[in-house]
S.K.: 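To start, I am sharing the structure in question, which I have written as C-alpha cells.
Chain identifiers are assigned alphabetically (A, B, ...) following the order of the sequence lines, protein sequences preceding nucleic acid strands; residue numbering begins at 1 within each chain. Computed from a prediction, not measured in an experiment: that's the story for all the values here.
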2 protein chains.
Amino acid sequence: MRDSDIPAIRFLPLFNEMAEESFSELVRGAYVQNFPPHMELIVEGDPCDFLHIVVDGSVELLANWNDRETTMTILREGATFILAAAIRDAPNLMSGRTLERSRVIMIPAEDVRAVFKKDHAFARAVVMELAYCYRGVIKGVKGLKLRTSIERLANYLLKLQKKMGGAESFTLSVEKRRLASILGMTPESLSRAIKALRPYGVMIDGQTVSITNPDDIRTLAKPTPLIDDPRS
Amino acid sequence: MRDSDIPAIRFLPLFNEMAEESFSELVRGAYVQNFPPHMELIVEGDPCDFLHIVVDGSVELLANWNDRETTMTILREGATFILAAAIRDAPNLMSGRTLERSRVIMIPAEDVRAVFKKDHAFARAVVMELAYCYRGVIKGVKGLKLRTSIERLANYLLKLQKKMGGAESFTLSVEKRRLASILGMTPESLSRAIKALRPYGVMIDGQTVSITNPDDIRTLAKPTPLIDDPRS
DNA sequence: TGCTACATTTGACATTTATCAATTATAACC
DNA sequence: GGTTATAATTGATAAATGTCAAATGTAGCA
C-alpha cells in the first residue's frame with residue numbers, strides 16, 4: 001500500500017481512534033487498487049474476504065434475485081463496504097461494482113476481525129459505524145414502505161439539494177436509471193415522476209435539477225429527519 | 001430488578017461474554033416491567049432512554065409517516081431493541097408497542113454506553129448484534145425491492161415453516177393485518193395473495209397454515225439464503 | 001463529423017396493488 | 001348464549017407502477 005494512501009483513511013471515523021499499532025497491522029496487509037469503470041469488486045453470495053474503502057471514485061452496491069436487480073446504494077470517497085459481512089465472516093449480501101474509475105483500499109477481512117478482537121477503540125468505532133449504517137437502512141425501509149415513488153423522488157431531491165449546499169440549482173451526479181433503481185422504480189416511472197414534480201416547481205434537464213419553489217415541493221415531500229436526515 | 005430475571009438475559013449473546021462486573025453495572029440500573037397488551041413502550045422521534053429486552057411476550061416495532069403506518073418487525077423473547085439508537089444516543093427511528101402482555105427489561109441507555117466504553121467483550125458483542133441486525137434489514141430491503149407481494153408471502157411462509165420445525169401444518173402466530181404490514185401490503189392484498197397461493201398447495205385457514213406440496217411453492221418463492229436465511 | 005451504443009423519454013397497455021364499501025367470521029365479554 | 005368490537009374476506013373500482021416498443025437524445029469514439 002502506498003504511503004500516500006495511508007493518511008487518506010487514517011482520519012476516517014472508523015480508524016482515527018484506534019492504536020497506531022493496530023492501524024499498522026491493518027495497513028500491512030492492505031492493498032490499494034485502481035479499478036476501471038464497471039468492474040465487479042465483490043459478488044453477492046461470495047465469502048467476504050476484504051473490507052473495502054472507497055478512496056476515490058464511486059461504487060454501486062446492488063442485489064440480484066430471480067433475474068431482477070436493484071441498486072441498494074452508491075458509495076463515494078471515504079465510504080467502507082462491506083463491514084458487517086467482514087466482521088461476521090459471512091457471505092456478501094450485495095455485489096459491488098465501480099461506476100467510474102475508482103481507487104479502493106482492500107483490507108483482508110481476517111485482519112479486520114483480528115484487530116477488532118484486540119483493539120477496543122477500533123471495536124467501538126465499528127459499533128458506531130454499524131449503528132449508523134443500520135439506521136440508514138431502517139430509514140430506507142421506512143421510505144420504501146411509507147411513501148409512493150413520487151414522494152421518494154421529491155425527498156431524494158430535497159436531500160440532495162441540501163447536500164449540494166442548498167443552491168436552487170444542482171446536479172444529479174447519478175445516472176437516472178440508477179437513481180430509479182435506488183428509489184425502487186423503473187426508469188420509465190422515474191421519468192414520469194419527474195414530470196409529475198413539474199407543477200411543484202421542480203425542473204430536471206439532463207443532470208441539472210432546479211427547485212424554484214422549495215416550499216411547494218416540501219408540502220408534497222413532507223421530509224422528516226427520521227427518514228431523511230442521514231445524521232440524526 | 002428481580003433476581004430471577006437476571007439469568008434470563010445473562011445468557012443472551014449480547015451479555016454472555018462480558019465481565020461480571022460490567023454486567024452487574026447494567027443490571028443495577030435496570031428495570032423490569034410487565035406491560036399490558038397494546039402499550040406503547042417507545043415513540044418514534046423520542047430520545048432513546050433505554051435499551052429494551054423482551055423477556056416474555058411480543059413487541060411490535062413500527063414506523064409512521066404522514067398518517068401512514070407500517071410494521072417493521074415483531075420481536076419475541078430474547079430480542080433487544082433499540083440498540084443502535086441507545087449506542088449512538090440518537091432518537092428512536094421506530095415506535096414500539098406490546099402485542100400481548102409482555103415482560104420487558106429496560107436498561108438505561110446511558111449505562112449501556114458507559115459499559116460499552118469500558119468493556120471490550122461487551123463492545124464486541126454489540127458489534128456482532130448490530131452486524132446481525134444490519135444484515136437482517138438489508139435482506140428485508142432486498143425482499144421489498146426484488147419481489148412481488150405474493151413472492152414475499154410465499155417466502156415468509158416457507159421461512160416460518162422451517163422456524164416452526166418443518167411440519168406440513170403450523171400456525172401463523174401473527175394477526176394477518178400485521179403480517180400484511182410486515183410484508184408491505186394491505187390486509188386486502190394479503191387476503192388475495194393467500195388465495196393466489198392455493199394452486200401451489202398452500203392452505204391458510206384462520207391461523208393455521210398447511211403446505212401440502214413444498215416443492216410447488218418453492219418454485220414460486222425461489223428462496224435464497226441471501227434473503228431468507230436469518231443466519232447466513 | 002458521423003457512427004454507434006446506450007440512456008432517456010413517450011405512448012399504449014398490462015399488471016399489481018390500494019381503496020372503499022359491504023359482508024362474513026372470530027373472539028372477547030357480559 | 002347473545003352482544004359487541006374487531007378482524008378478515010370479497011367485490012367493484014381506482015390508482016400506482018411496470019412492461020414493451022418506438023422515438024429521441026447524448027456522449028464517446030473512430
S.K.: Picking from dT17(D), dA18(C), dT17(C), which would you name as closest to the side chain of Ser149(A)?
M.R.: dT17(D)

S.K.: Strictly distance-based, threshold 3.5 Å: is any side-chain N or O of Lys145(B) a donor or acceptor partner for the main-chain N or O of Thr71(A)?
M.R.: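 Yes: the side chain of Lys145(B) pairs with the backbone of Thr71(A).
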
S.K.: Report yes or no: does Thr98(B) contribute a side-chain atom to a donor-acceptor pair with the main-chain N or O of Met39(B) at less than 3.5 Å?
M.R.: yes

S.K.: Can you tell me the distance, in whole Å, between the CG atom of Leu172(B) and the C1' atom of dA27(C)?
M.R.: 16 Å

S.K.: Let me know the distance between CD of Glu69(B) and P of dA18(C), rounded to the nearest Å.
M.R.: 15 Å

S.K.: Is there a donor on the side chain of Arg192(A) or the base of dT19(D) sitting less than 3.5 Å from an acceptor on the other?
M.R.: yes

S.K.: Quick one: is Ser189(A) getting a side-chain N or O under 4.0 Å of the dG18(D) phosphate, OP1 or OP2?
M.R.: yes

S.K.: Starting at CG of Asp205(A) and ending at C1' of dT24(D), how long is that distance when rounded to a whole Å?
M.R.: 14 Å

S.K.: In this structure, how many angstroms lie between the P atom of dT10(C) and the NZ atom of Lys195(A), rounded?
M.R.: 4 Å

S.K.: By nearest nucleotide on DNA chain D, pick out whichever of Ile150(A) and Leu190(B) is the more 5' one.
M.R.: Leu190(B)

S.K.: Atom NZ of Lys145(B) and atom C1' of dT17(C): how far apart are they, to the nearest Å?
M.R.: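 Going from NZ in Lys145(B) over to C1' in dT17(C) covers 19 Å.
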
S.K.: Between the side chains of Arg231(B) and Tyr132(B), does any donor sit under 3.5 Å from an acceptor?
M.R.: yes

S.K.: What I'd like to find out is whether the side chain of Thr73(A) reaches to under 4.5 Å of the side chain of Ile182(A), using heavy atoms alone.
M.R.: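 Heavy-atom side-chain distance check fails, nothing below 4.5 Å.
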
S.K.: What is the distance, rounded to the nearest whole Å, between atom CD of Glu175(B) and atom C1' of dA27(C)?
M.R.: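 In whole Å, dA27(C) C1' lies 11 Å from Glu175(B) CD.
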
S.K.: Please give, in whole Å, the distance from dT10(D) C1' to Arg198(B) CZ?
M.R.: 12 Å

S.K.: Would you mind telling me which of dT10(C), dA7(C), dA7(D) lies closest to the side-chain atoms of Arg177(A)?
M.R.: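 Nearest to the side-chain atoms of Arg177(A), counting from C-beta on, is dA7(C).
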
S.K.: Return no unless some side-chain N or O of Thr186(A) is found under 4.0 Å from OP1 or OP2 of dT17(D).
M.R.: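 No, outside the criterion.
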
S.K.: Nearest to the side chain of Met185(B), which nucleotide is it out of dA18(C), dA7(D), dG18(D)?
M.R.: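 My answer, after comparing the listed nucleotides, is dA18(C).
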
S.K.: Without hydrogens or angle criteria, can the side chains of Glu100(B) and Ser58(B) be said to hold a donor-acceptor pair below 3.5 Å?
M.R.: yes

S.K.: With a 4.0 Å cut-off on heavy atoms, is Glu188(B) in touch with a base, just the backbone sugar-phosphate, or nothing at all?
M.R.: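 The answer is base, as Glu188(B) lies within the cut-off (heavy atoms under 4.0 Å) of a base atom.
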
S.K.: Distance check needed: dT16(C) P versus Arg147(B) CZ, whole Å only.
M.R.: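 So the CZ-P distance, Arg147(B) to dT16(C), works out to 16 Å.
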
S.K.: Is there, by distance only and without an angle test, a donor paired with an acceptor across the side chain of Arg152(B) and the base of dT17(C) below 3.5 Å?
M.R.: no

S.K.: Return no unless some side-chain N or O of Thr148(A) is found under 4.0 Å from OP1 or OP2 of dA16(D).
M.R.: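 No, no such contact exists.
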
